Amino acid sequence: MSTETAVVTEDSPERARNIRRTAWAGIVGSVVEYYDFTLFGLAAALVFGPLFFPGADPATQVINSLLTFAIGYFGRPIGGVLFSHYGDRIGRKPMLVMTLMLMGLATLAIGLLPTYAQIGLWAPILLAVCRILQGMGAGAEYVGSLVMMAESGDRKRFGLRVALPGMGVFGGIVIATGVFALIALLPEEALFSWGWRVPFLISVVTLGVGLWIRTGIHETEEFREIRAEGRIARFPIVDAVRSQWREILIGVGINGPYLAFSSLTQVYLLSYLTGTLGYPPSFGLVANLVSSVLAIGIVPLTGHLGDLLGRRRIWLFGAGVFLVFGALVFPMFATGNEAIIILAMVLGISVGLATMYATQGAILTALFDPQHRLSAVVLVREPTAALIAGPTPAFAAWLVLIAGGATWPITLFFAIASIIAAGTALLGWKRLARVESQ
């Protein structure tokens with residue numbers, strides 16, 4: 001019997017070690033992805049405007065830099081479809097190694113880019129290219145981590161296990177925010193001359209650790225089973241659309257609102273604090289940092305609660321949190337009390353986002369059959385990321401601008417997304433019943 005077969009069929013120490021290492025691979029890979037993506041969002045909100053889009057008024061600079069942030073989301077479907085196709089046909093492991101390398105190298109390249117003052121129009125063009133490459137790598141990275149966790153190990157504590165990459169997500173956010181918060185304390189001249197590059201350049205460390213862990217894991221147990229049984233789909237994404245199109249629509253209804261919540265809370269509100277309310281960049285970064293640190297613990301907790309209480313209940317709770325958050329966040333900001341502002345961010349990130357993120361992974365991976373699972377989850381996540389998550393911060397800034405500075409359009413935005421999230425869970429739950437059986 002081969003080593004890989006033993007890993008699948010026997011309750012051996014080798015199997016246990018591989019499951020533990022796979023868990024770490026999922027967590028660390030998500031740290032790398034969300035360090036890179038968060039870093040770009042923070043830089044877009046705080047420094048990229050004057051560096052890559054000078055000559056415009058401050059509001060237009062912010063919108064232009066946030067649009068560059070959005071461009072990465074258009075690279076995600078391209079990379080997601082490409083890498084997930086081979087992930088469903090060749091294996092999850094090689095795909096995850098490739099996506100991690102692409103993301104890490106693109107982030108490193110951003111730290112080496114010349115600015116507009118040095119090469120003119122080529123600077124924002126190269127920034128956009130790096131962002132697209134970063135997005136292509138991210139297109140299958142987090143989904144691959146979810147699928148790796150879903151397909152490795154038994155059904156016990158399925159929700160908790162699939163929530164673990166979410167810990168890495170908020171871990172990456174914490175590291176990126178902490179590093180950028182320290183850099184933001186530099187004098188303005190140092191920050192805009194060389195300081196902003198440092199967080200991008202040190203991403204090489206997390207990239208190296210992630211590659212070391214991932215190259216040492218086995219292929220997932222479920223993928224080896226379908227390969228041994230000859231059930232590899234020739235065109236996995238076509239197979240998914242043909243056989244599970246209803247589940248794909250439900251997945252979009254689950255994923256779309258969450259992505260809107262995420263972009264509004266973690267990117268737009270940060271730029272609102274600095275650009276509209278005049279708080280220093282370091283304050284918004286500290287608020288994000290505190291909230292994300294708390295979320296690292298809440299993600300596995302709510303994943304476990306989903307196993308105990310049912311994932312629909314946890315998801316509906318998260319949707320309700322954002323209905324309340326959308327109504328309260330701007331009045332809490334308007335108090336001018338820094339503790340209350342941080343409390344608002346904790347409500348949105350630590351409670352709302354963490355709860356929904358932990359539950360979403362279990363829902364999406366359990367919806368689809370293993371022979372096209374990676375492609376199907378990518379099809380659910382990445383087009384909605386391109387259409388919703390990427391443009392949302394810039395769209396929100398535009399809504400406030402045309403409303404004369406009023407924030408009611410953002411409150412309405414939160415309410416509509418909350419209703420869609422809850423409605424999908426309630427109306428589509430018959431098809432989601434398999435999610436609770438995992």
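What you see is a predicted model, and the numbers here were worked out from it, not measured in a lab.
- Using a distance-only test at 3.5 Å, with no hydrogens or angles considered, a donor-acceptor pair links the side chain of D88 to the main chain of S375.
- Listed by chain and residue number, nothing satisfies the salt bridge (charged side-chain N to carboxylate O under 4.0 Å, His left out) test with D36 (two or more places apart in sequence, or in another chain).
- Here the options are V179, I173, V169, the test is side-chain contact (heavy atoms from CB on, under 4.5 Å), and the partner is Y35; only V179 passes.
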Mind running side-chain contact (heavy atoms from CB on, under 4.5 Å) on V351 and F317 for me, showing each step along the way? CA-CA 10 Å; V351 181; F317 171 77; 4.1 Å; yes
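- Put simply, CD1 on I175 and CD1 on I202 are 9.0 Å apart, with the number rounded to the nearest 0.5 Å.
- In terms of modelled atom types and a separation under 3.5 Å, the side chain of T220 and the main chain of F223 share a donor-acceptor contact.
- Distance alone, capped at 3.5 Å, is enough to place a donor-acceptor pair between the T274 side chain and the S271 backbone.
- Remark: T99 pairs with E141 by the side-chain hydrogen bond (donor to acceptor under 3.5 Å, both in side chains) rule, at least two apart or across chains.
- Note: Q360 CD to L353 CG = 10.5 Å, rounded to the nearest 0.5 Å.
- At least one side-chain heavy atom of P199 sits less than 4.5 Å from a side-chain heavy atom of I183.
- Summarising the geometry of M345 relative to F333, their closest heavy-atom pair is SD-CZ, 3.9 Å, with the distance given to 0.1 Å.
- Distance check, rounded to the nearest 0.5 Å: CG of L387 to OG1 of T392 gives 10.0 Å.
- Contact of the K93 side chain with the I217 side chain is registered, since non-hydrogen atoms from C-beta on lie closer than 4.5 Å.
- The two residues T115 and L51 have their closest heavy-atom pair at CB-O, 3.6 Å.
- In the displayed structure, E189 atom CD is contacted under 6.0 Å by at most 12 heavy atoms of other residues, nucleotides or ligands.
- Pairs engaging residues 128-139 under the salt bridge (Lys or Arg N to Asp or Glu O under 4.0 Å) rule: none recorded [sequence neighbours left out].
- Counting only heavy atoms from C-beta outward, the side chains of T107 and V204 never approach each other to under 4.5 Å.
- Proximity of a side-chain donor or acceptor of Q244 to a complementary backbone N or O of D369 within less than 3.5 Å is detected.
- For the side-chain contact (heavy atoms from CB on, under 4.5 Å) criterion with L211, the lone passing option out of L96, V97, V32 is V97.
- The backbone N or O of R381 lies less than 3.5 Å from a partner atom in the side chain of T384, making a donor-acceptor pair.
- The shortest side-chain heavy-atom distance between V378 and F83 does not fall under the 4.5 Å cut-off.
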Where do S243 and H372 land on the side-chain contact (heavy atoms from CB on, under 4.5 Å) test, with the steps shown first? CA-CA 10 Å; S243 62; H372 53 239; 3.4 Å; yes
Stepwise, does the side-chain contact (heavy atoms from CB on, under 4.5 Å) test hold for Y86 with M95? CA-CA 7 Å; Y86 291 103; M95 181 274 299; 5.7 Å; no
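- Donor-acceptor pairing under 3.5 Å is recorded for the side chains of S145 and R214.
- Rounding to the nearest 0.5 angstrom, the gap separating the CG atom in L207 from the CG atom in L105 is 6.0 Å.
- In terms of modelled atom types and a separation under 3.5 Å, the side chain of T276 and the main chain of L273 share no donor-acceptor contact.
- The one candidate from L316, L323, V321 that meets the side-chain contact (heavy atoms from CB on, under 4.5 Å) condition with S418 is L323.
- Under a 3.5 Å cut-off, the side chain of R197 and the backbone N or O of L113 do form a donor-acceptor pair.
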For F330 and L269, run side-chain contact (heavy atoms from CB on, under 4.5 Å): C-alpha distance rounded to whole Å, both residues' side-chain angles, the deciding distance at 0.1 Å, then the answer. CA-CA 9 Å; F330 290 109; L269 290 181; 3.9 Å; yes
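- The two residues S291 and S350 make their nearest non-hydrogen contact at O-OG, 2.5 Å.
- Looking at every heavy atom in both residues, I388 comes nearest to P391 through O-CD, 3.6 Å.
- Aromatic ring centres of F48 and F40: separated by under 6.0 Å.
- Aromatic ring orientation, Y357 versus F170: perpendicular (interplanar angle above 60°, classes split at 30° and 60°).
- Formation of a donor-acceptor pair under 3.5 Å by the R161 side chain with backbone atoms of M149 is found in this model.
- Closest non-hydrogen pair, M167 versus P300, comes out as CG-CD, 3.6 Å.
- Using cut-offs of 30° and 60° on the angle between ring planes, the pair Y268 and Y272 is tilted.
- Summarising the geometry, atom CD1 belonging to I342 is positioned 11.0 Å from atom CE belonging to M332; distances are rounded to the nearest 0.5 Å.
- Listed for the T365 side chain is no donor-acceptor partner under 3.5 Å among the backbone atoms of L146.
- Donor-acceptor pairing under 3.5 Å is recorded for the side chains of Q266 and S262.
- Contact record, T265 with F261: OG1-O, 2.7 Å, taken as the closest heavy-atom pair.
- Listed for the T335 side chain is no donor-acceptor partner under 3.5 Å among the backbone atoms of P331.
- Under the 4.5 Å side-chain criterion, counting only non-hydrogen atoms from C-beta, T359 is not in contact with R312.
- Expressed to the nearest 0.5 Å, how far CZ of F52 lies from CD1 of I125 amounts to 12.0 Å.
- Aromatic ring pairs are classed by plane angle as parallel below 30°, tilted from 30° to 60° and perpendicular above 60°; the pair F414 and F325 is perpendicular.
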